[in-house]
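Okay, structure first, notes after.
Ligands are counted one by one from 1 in listed order, and the atoms in each one are counted from 1 as well. Just so it is clear, the model here is predicted, and its values are computed rather than measured.
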Amino acid sequence: MRSASATNGHPELLDEFAADVRAGLGGPGQKTLPSRYLYDDLGSALFEAISFLPEYGLTRADERIVRAHAREMAAMLRPPVVVAELGSGSGRKTRWILEALARLKPTVYYPIDISSAALQRCAVELGGLASVRVEPIEDDYLGGLTTVTSQRKTNERLFLLFLGSTIGNFERDKAQEFLGEIRARLLPGDAFLLGTDLVKPPAALLAAYDDPLGVTAAFNLNLLRRLNRELDADFDLALFEHEARWDAAEKRVDMHIVARRAHKARIKALDLVVLFRAGESIWTESSYKYEADEPIRIARRAKFEPAGQWRDLEWPFAESLFIAR
Ligand code: AVJ
């Protein structure tokens, strides 16, 4: 079992991390790091904590919708159905769907995640469900999905879940491309459930991404600790602060790590010195917000047929169900 980080014991992942960090921090322009590196073990636990913050309604809205409509969704799919999920996280939301399906017929569930810690938590959370066999797949999304689809039997329908508005971390054209990549791996009649956080007033979004307890700040700054630990860097966390910015034109929330004053940090494993001006930032995440018709538009373009959409009113969020054409 891996403990300290997702790259421990996976040298090829460490190389990729090193290359991404060099590309993101080594040049003269806007410094940036890919958001997926926020999720080491501590980062995953901090995101889990974020999902309990009153200001961050996203995860609870997602779960409310799934819980309220799981049976309706299950009834639309002709068994036998196998379930796969991209980025399973704790698996708390998926319970409702698996229960609804397993009432009709025993089912297999393939959580796909690059974090073995997340997969373990998910197996514990959902392993006890009657008539559900959990088969964790430690891989990236498309690699894992390819594994699932190459194993599936032709009489089985695949129900693919992509919840939590994780798609919000993709630039809009990348999201479109990604849906195409997903669709290319599915067969006609397969189902796809996509969760998207919806546009809402900027004040609510800024509070959600810069909470007064500082949990999101810890989640963001933890990325520097990861650089210190895994790449032998010497970032002084006290010299940085978390910032959330609403980009009205792009309809997205960006997270930055901002240098409080001019200084430099060393990343020994890369033999790289990183200079910061006062106020200069590392851009660590974008969280795109959608209009309710947008997921339907991009899914249609990727050869999916819309089969239903459910929204939460308390925290505007949409769950859209599609069938592969
Ligand atoms: C897990 C990607 C959906 O973008 O809202 C939470 C991650 N970032 N707070 C999001 C996150 C800051 C989250 N997603």
Side-chain angles (χ1 to χ4, degrees), residues 6 32-66 85-94 111-115 117-118 121-122 140-141 161-172 174-175 178 193-224 226 241-247 250-258 281-290 294-295 312 315-320:
T32 181
L33 290 170
S35 60
R36 66 176 180 282
Y37 295 122
L38 292 164
Y39 301 90
D40 61 359
D41 286 357
L42 177 56
S44 299
L46 286 168
F47 174 67
E48 178 86 8
I50 287 171
S51 73
F52 290 96
L53 294 170
E55 294 83 8
Y56 188 84
L58 188 155
T59 310
R60 292 184 301 275
D62 192 18
E63 188 181 357
R64 275 195 298 275
I65 306 171
V66 167
E85 181 169 13
L86 307 177
S88 54
S90 73
R92 197 168 1 118
K93 298 168 267 193
T94 315
I112 300 167
D113 210 295
I114 42 167
S115 159
R121 252 178 286 138
C122 174
D140 60 30
Y141 295 153
L161 313 176
F162 195 26
L163 306 179
S165 203
T166 304
I167 196 164
N169 285 155
F170 291 75
E171 292 164 31
R172 280 180 212 280
K174 291 283 185 307
F178 188 65
L193 184 65
L194 178 64
T196 47
D197 198 22
L198 300 179
V199 173
K200 49 186 68 60
L205 286 170
L206 288 173
Y209 288 83
D210 190 4
D211 64 277
L213 262 184
V215 184
T216 308
F219 173 64
N220 197 10
L221 290 168
N222 177 54
L223 194 46
L224 297 181
R226 183 171 187 176
E241 62 192 336
H242 165 71
E243 199 176 301
R245 304 176 189 166
W246 170 244
D247 185 325
E250 296 284 345
K251 295 183 189 164
R252 65 176 204 229
V253 181
D254 290 342
M255 293 204 308
H256 289 260
I257 296 171
V258 184
S281 77
I282 307 172
W283 173 26
T284 53
E285 182 187 60
S286 290
S287 198
Y288 285 80
K289 303 305 169 189
Y290 283 81
E294 243 183 302
D312 193 79
W315 179 274
F317 190 96
E319 219 71 75
S320 309

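Just one of Arg245, His242, Glu243 meets the side chain to side chain donor-acceptor pair (under 3.5 Å) condition when paired with His256; it is Arg245.
Within the 4.5 Å cutoff, side-chain heavy atoms of Thr59 are placed close to those of Lys93. Side-chain contact check for Leu86 versus Thr166: every heavy-atom pair is 4.5 Å or farther apart.
The distance from ligand 1 to the heavy atoms of Phe47 drops below 4.0 Å at these ligand atoms: 1 (C), 6 (C), 7 (C), 13 (C). Close approach of ligand 1 to Ser287 (heavy-atom distance below 4.0 Å) involves ligand atoms 4 (O), 5 (O), 10 (C). Contact atoms of ligand 1 toward Gly164: 3 (C) (distance under 4.0 Å to a heavy atom of the residue). Atom numbering of ligand 1 starts at 1 in the shown order; those under 4.0 Å from a heavy atom of Met255 are 12 (C).
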Do Tyr288 and Lys251 pass the side-chain contact (heavy atoms from CB on, under 4.5 Å) test, and can you show the C-alpha distance, the side-chain angles, and the key distance before you say yes or no?
CA-CA 6 Å; Tyr288 285 80; Lys251 295 183 189 164; over 6 Å; no

Please test Val253 against Glu285 for side-chain contact (heavy atoms from CB on, under 4.5 Å), starting from the C-alpha separation and ending with a verdict.
CA-CA 8 Å; Val253 181; Glu285 182 187 60; over 6 Å; no

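Any N or O atom pair closer than 3.5 Å counts here, and Tyr56 shares at least one such pair with ligand 1. In terms of polar-atom proximity, Thr216 is not counted as a contact of ligand 1, lacking any N or O under 3.5 Å from an N or O of the ligand. Ligand 1 has no nitrogen or oxygen under 3.5 angstrom from a nitrogen or oxygen of Ser165. For a threshold of 3.5 Å applied to N or O pairs, the pair formed by Glu285 and ligand 1 contains at least one separation below that value.
The closest approach between a heavy atom of Tyr39 and any atom of ligand 1 is below 4.0 Å. The closest approach between Gly168 and ligand 1 stays at or above 4.0 Å for every heavy atom of the residue.
With a heavy-atom cut-off of 4.0 Å, Leu58 touches ligand 1 through its side chain alone.
The aromatic rings of Phe178 and Phe162 are tilted relative to each other, their planes meeting at an angle between 30° and 60°.
Of the charged side-chain nitrogens involved, at least one lies within less than 4.0 Å of a carboxylate oxygen, so that Arg252 and Asp254 count as a salt-bridged pair.
Protein heavy atom in closest approach to atom 2 (C) of ligand 1: Asn169 OD1, 3.0 Å.
Relative to the ring axis of Tyr290, Arg172 places its NZ or CZ within 45° and under 6.0 Å from the centre.
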